S.K.: 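Right, I'll just put the structure down here and ask away after.
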Amino acid sequence: MPDFSSGTVSEDTMTATTTISLSPEDNPAGHPLPRLSGGPLSWHGRFEAMASPCEILLDNVNHQDAEQALAFAARETWRLEHKFSRYVSDNQVARINRSKGQPVTVDDEIALMLDYAARCHDLSEGRFDITSGVLRRVWHFDGSDNLPDQDETDALLKLVGWNRLSWQRPRLTLPEGMEIDFGGIGKEYAVDRVLLDLEQSLPEGSRVLVNFGGDLACNGSRASGKAWTVGVEDHQALSDSSKTLSLYGGALATSGDSRRYLQKNGVRYSHILDPHNGWPVPDAPHSITVAAPTCTLAGMLATFAMLAGREAEHFLEQQDVQFWVQR
Amino acid sequence: MQLKNCDKCKSKPVGRALAAATCALLGVQASDSLANGQPGEWDVETALLVYSETDDRVQAAEPVISATRNFDGERKLNLKLVADTLTGASPSGATPSTLPQTYTSPSGNGNYDVAPGDAPLDDTFKDTRVAVSANWEAPINRDYAYSVGAYGSREYDYMSTAVNASLSRYLDNKNTTLTGGLSLGIDLVDPVGGAPVGLSRMPIDNNKSQAGFDQEFSATRQSDDTKTVVDALFGVTQVINRQTLMQFTYGISYSSGYLTDPYKILSVIDDTSGANYGGNLIGADGNSVYVYEQRPDTRLKHSLYWQTKYMLDNGDIMDGSYRFMIDDWGITSHTLDLKYRWRMGKSYLEPHFRYYLQSEADFYKRYLTGSEYNSGARALTEASADYRLGDMTGLTFGAKWGYRFDNDRELAIRAEYLLQTNDGDQGFGSLAGQDLYPDTSAAWVQLSYSF
């Protein structure tokens, strides 16, 4: 029970949770408002976006800056969520997916994303493909044994393939029936984007960690020189069963979701689909976590490793990065 | 076969190429978050105000265009152009009477009549004004910023010029801003027909030869005149917390020169008992006596202003302000202004209420008496019947509705209604039957679009 009688309890020493107000315009999906706790110089901000719990940890930051940083992080994340989501009906992604073969002019940020998707498609020799989302029309990873027919997947393969669309910055022409989906990049990109912007706007010496549902990045260790301790969800637990991890710098991203699979005749079908044949990549790990300088890079390496199936560990060893694989 | 191919590609070290691609993705700032106030673009605001007083009094239309160029987020140039056209009738200051009244128009080239019982309005009132201003603001260093500006306006009988500068000091992580500002204005007053000599009798051409009238008229005129205004202000803006902003400003303003309204007059009322007791005093030429008003040639004003803005958790904004003004003319005024901005998705509704209370100037007189006029050897040196210097209460109700198309474009419409009441000495004799303080009501609508 704190002693309030002395009257020395100042705002700085209080650890009450503050709710940050943001306008409805900044919050198109109507998420709950961000909440900030901690102090006087270490803060924990929380909000929701991209179907994940999002948090920012701040060290060596005053109260006012912490509130501004959290407000900014939520606004920016919600903006990116709204922008890249394929579930929003009035964004550029929706316009592209409804374009029926007509060219669509995109803005710089989408253009950068498309350039990146093209490069990833190239570097993965076609395995990473942002047009492969249509395969989910027949693949429902609900843990059941309902596999689609080969005919169904073959039919959909006609609508898959980065090479089928025409991308000439800033115009994208997507054949009718095809769709693009930034789901495999958006969250990690948001982590990096928010971290970079906070690093720029906060005073020098501020330490920041951004964690969106286990995909995270920080600008170095905590102010004390110690590692950040981050709680991770159980199914993303790393080599041991501990639910926390320590991070001194860089970023971590995890690919895979043990809850999303199909099982038939003793064969487990992962939710990682190979766009070449429309079927799950055989022998893909349950989960892969990669450490890299940026979250986007870590996430992409983890995704590439997933697509490599039984060669996942081998692929990662070749990339000279730290990784954790759960089979 | 495929498996073999794959093994080859899977073991290919793509990390470096992927890292380079990732840098390209992250190295460029997001462009979609650009909004108003970003460097390198003009933010333009256009507006049209239509103002109308009841009973065919002043009508005004005022288009405004304002453009702000943002250089690097902190350095800004604003240019503004305003054009006004005013038409209609304005109270001359004379009292209504049981008899028809005749006045000389300001130019001296004619006269106009007012029917018994009617408020004397000068319906020759017509003006157009064009005003331009430029303002530049920029930081000096992390702790200081300055702004400089210039203003000029021109209307038919008036020219106004001003320069201003201010310096701001930031303290406590910009939570506190101290601002000091100075403005110097020089106005040139060149009334139609020349500026009248204060408290001289308005010549009326009834029962006179043209030459006699002209001579009398020119005797009441002086050359054009100037007015200088020096304003200084000192303000503190304080961020109280993330939701509350407070501002205090003290302002001092000193005007000197020609401060009189050349078109305002006073009726002289016969205060000797008899048939005309309480009616217009009739001069030796058989015409009613009216005198041109005369105000002091200096004015020192002090004002205190306090404003608080508070943002609620749901994004609504409450904005309240209070101003207290006192001057050496004997006027004190209180202004209370309240707004509530109610946000609803892309649009907002902002109801507005304003209350204004003013006491009269020491030299405010609804009329002069014959004794005060004393056949031209006046017992006083300053007098004005301008209702704007009298005891006054004003209530304004209004609302603004705005719609934001996106970060840059907003359309807004504002409608306001003003009811102003004056009060004071009710007169005597036959004057007591006249409405000396008719209410003024006005309505205006402003449509604005910014992009």
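Just so it is clear, the model here is predicted, and its values are computed rather than measured. Protein chains get the first letters and strands the later ones, always in sequence-line order, with residue 1 at the start of each.
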S.K.: With a sphere of 6.0 Å drawn around CD of A:Q322, does it hold more than 12 non-hydrogen atoms of other residues, nucleotides or ligands?
M.R.: no

S.K.: Taking atom CH2 as the centre, does B:W342 end up with more than 12 heavy-atom neighbours from other residues, nucleotides or ligands that are less than 6.0 angstrom away?
M.R.: no

S.K.: Less than 4.5 Å apart, any side-chain heavy atom of A:Y116 and any of B:L18?
M.R.: yes

S.K.: Please check this pair: side chain of A:E25 against backbone of B:K346, looking for a donor-acceptor N/O pair closer than 3.5 Å.
M.R.: no

S.K.: State whether the number of non-hydrogen atoms from other residues, nucleotides or ligands found under 6.0 Å of B:N141 atom CG is greater than 12.
M.R.: yes

S.K.: Of the options A:Q319, A:M300, A:E125, which is the one that meets B:V14 in a side chain to side chain contact (heavy atoms under 4.5 Å, CB included)?
M.R.: A:Q319

S.K.: Can you tell me how far OG of A:S21 sits from CG of B:L312, rounded to the nearest 0.5 angstrom?
M.R.: 8.5 Å

S.K.: For A:T296, is it the side chain, the backbone, both or neither that has a heavy atom under 4.5 Å from a heavy atom of chain B?
M.R.: both

S.K.: What part of A:N62 gets within 4.5 angstrom of chain B, counting heavy atoms only: side chain, backbone, both, or neither?
M.R.: side chain

S.K.: How long is the gap from OH on A:Y189 to CG on B:L25, to the nearest 0.5 Å?
M.R.: 5.5 Å

S.K.: Under 4.5 Å heavy-atom distance to chain B, tell me which part of A:I110 shows up: side chain, backbone, both or neither.
M.R.: neither

